[in-house]
Amino acid sequence: MHLKLGKHRLDLGSPRVMGVLNRTPDSFSDGGRYTAFDTALRHAETLVREGADILDVGGESTRPGAEAVGVQQELDRVIPLIERMGGLGVPVSVDTSKPEVMRAAVGAGAAMINDVYALRRPGALAAAAESGAGLCLMHMQGEPRSMQKDPQYRDVTAEVAAFLKERAEAAVAAGVTRDAIALDPGFGFGKNLEHNLTLLRRLPELGALGFPLLVGLSRKSMIGTLLGGKPVEERLQGSVAAAVIAVLHGAYIVRVHDVAATVDALKVTAAVRRGMIELRP
């Protein structure tokens with residue numbers, strides 16, 4: 001399997017790592033650390049040296065309770081950086097739901113659009129389809145400001161699968177090729193701990209939709225809860241374990257903050273998984 005990202009073709013024969021770069025003051029994990037342009041660019045270079053296969057740049061926080069930012073502010077945060085990141089040798093993804101930012105980012109060199117709203121905002125589907133970029137469509141119940149107040153599902157896996165299938169079909173109908181689409185279950189986006197654990201256990205059911213799965217579990221509150229309330233900066237080992245579990249359950253791409261540790265863990269995971277496949281009758 002491969003994923004078409006603009007002019008790039010990402011081989012998914014082994015698990016891939018997407019490095020996170022937030023140019024925001026209020027992201028839950030690293031808010032404020034990379035608001036300065038030079039600091040952000042150096043961090044992007046570090047992520048590539050550590051083995052990131054894709055870089056995901058965001059200019060608006062989508063953490064629970066996050067406030068929206070205007071189009072121009074988001075453009076100012078991400079476009080100059082994307083222009084400079086083009087020479088780093090890996091595809092760049094833009095984490096946005098605004099069609100204006102999608103168009104500008106792809107024009108600046110982004111090869112992928114990562115949208116937590118799954119192209120549901122007015123004009124987003126057309127902008128993404130016209131761009132020729134790869135897409136990541138994510139499930140989210142509610143809005144970032146209120147999504148964690150009291151999420152409810154009758155069957156979280158079935159409902160997430162139905163939503164992702166509908167959004168992928170909408171993208172294909174708009175002209176996006178199937179090999180340019182990845183799906184994200186949206187861990188922590190309108191889901192409580194049990195919802196998240198159920199989705200992780202039943203990830204193969206989402207993989208059966210026929211699109212590569214991109215999973216983001218890194219440093220999230222579910223990890224902190226499972227580790228007895230550890231703060232964000234102490235969730236490395238738990239995050240790496242979650243990434244490994246996700247890959248063993250069918251994820252092709254993991255979106256992480258701690259690239260080097262995850263890359264090492266997934267090299268071991270890939271070797272074991274290859275052996276398991278070779279041993280099958």
Asker: Rounded to the nearest 0.5 Å, how far apart are OG1 of T262 and NZ of K267?
Answerer: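 Going from the OG1 atom of T262 to the NZ atom of K267 covers 12.0 Å.
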Asker: Transitively linked via ILVMFWY side-chain contacts under 4.5 Å: L10 with I82?
Answerer: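 Per the 4.5 Å side-chain linkage, L10 and I82 are not co-clustered.
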Asker: Contact between V268 and V244 at the side-chain level, heavy atoms closer than 4.5 Å - yes or no?
Answerer: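 Counting from C-beta outward, V268 and V244 never come under 4.5 Å.
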Asker: Between D184 and G216, what is the shortest heavy-atom contact and its length?
Answerer: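 Heavy atoms of D184 and G216 come nearest at OD1-N, 4.3 Å.
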Asker: Output the distance between atom SG (C136) and atom CG (D115), rounded to the nearest 0.5 Å.
Answerer: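 Nearest 0.5 Å value for the SG-CG distance: 9.0 Å.
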Asker: Is there side-chain contact between R255 and D56, with at least one heavy-atom pair below 4.5 Å?
Answerer: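 In short, these two side chains touch, coming nearer than 4.5 Å.
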Asker: Applying the side chain to side chain contact (heavy atoms under 4.5 Å, CB included) criterion to H139, which one of R167, K191, E159 satisfies it?
Answerer: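 Result: among R167, K191, E159, K191 is the only option passing the side chain to side chain contact (heavy atoms under 4.5 Å, CB included) with H139.
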Asker: Hey, could you give me the CE/CG distance between M1 and L12, rounded to the nearest 0.5 Å?
Answerer: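 M1 atom CE to L12 atom CG measures 7.0 Å (nearest 0.5 Å).
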Asker: Taking atom types as modelled and ignoring hydrogens, do the side chains of E60 and T24 form a donor-acceptor contact shorter than 3.5 angstrom?
Answerer: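 There is no such pair (donor and acceptor under 3.5 Å, judged by atom type) between the side chains of E60 and T24.
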Asker: Could you go through the side-chain contact (heavy atoms from CB on, under 4.5 Å) check for H2 and Y252 one step at a time?
Answerer: CA-CA 10 Å; H2 72 276; Y252 284 86; over 6 Å; no
Asker: Checking side-chain contact (heavy atoms from CB on, under 4.5 Å) for the pair R49/T46: CA distance, chi angles, key distance, verdict?
Answerer: CA-CA 5 Å; R49 284 196 303 272; T46 297; 3.1 Å; yes
Asker: Below 4.5 Å, heavy atoms only, C-beta onward: do V215 and L203 meet side chain to side chain?
Answerer: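 Counting from C-beta outward, V215 and L203 do come under 4.5 Å.
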Asker: Between H195 and Y153, is the ring centre distance below 6.0 Å?
Answerer: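 Under 6.0 Å, so yes.
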Asker: Roughly how far apart are D53 CG and S14 OG, rounded to 0.5 Å?
Answerer: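 That separation rounds to 7.0 Å.
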Asker: Decide yes or no on side-chain contact (heavy atoms from CB on, under 4.5 Å) for N196 and L200, but give the supporting numbers first.
Answerer: CA-CA 6 Å; N196 290 323; L200 189 54; over 6 Å; no
Asker: When you check the side-chain N and O atoms of E194 and T198, is any donor under 3.5 Å from an acceptor?
Answerer: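 A donor-acceptor contact under 3.5 Å links the two side chains.
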Asker: If you define the side chain from C-beta out and look only at heavy atoms, does anything of E45 sit under 4.5 Å from L88?
Answerer: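 E45 vs L88: side chains touch.
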Asker: Compare all side-chain heavy atoms of V256 with those of V20 and state whether any distance is below 4.5 angstrom.
Answerer: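 When only atoms from C-beta onward are counted, V20 and V256 do not touch, as no gap falls below 4.5 Å.
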Asker: Going by heavy atoms in the side chains, are V106 and M102 under 4.5 Å from each other?
Answerer: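 No, side chains not in contact.
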Asker: Report yes if some heavy atom in the side chain of L21 is under 4.5 Å from a heavy atom in the side chain of L55; otherwise report no.
Answerer: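 Counting from C-beta outward, L21 and L55 never come under 4.5 Å.
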Asker: Please examine the side chains of I253 and L213, heavy atoms only from C-beta on, and report whether any two atoms are closer than 4.5 Å.
Answerer: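 Heavy-atom side-chain distance check fails, nothing below 4.5 Å.
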Asker: Identify whether NZ of Lys or CZ of Arg in R121 sits under 6.0 Å from the centre of the six-membered ring of Y117 and within 45° of that ring's axis.
Answerer: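 Satisfied, under 6.0 Å and within 45°.
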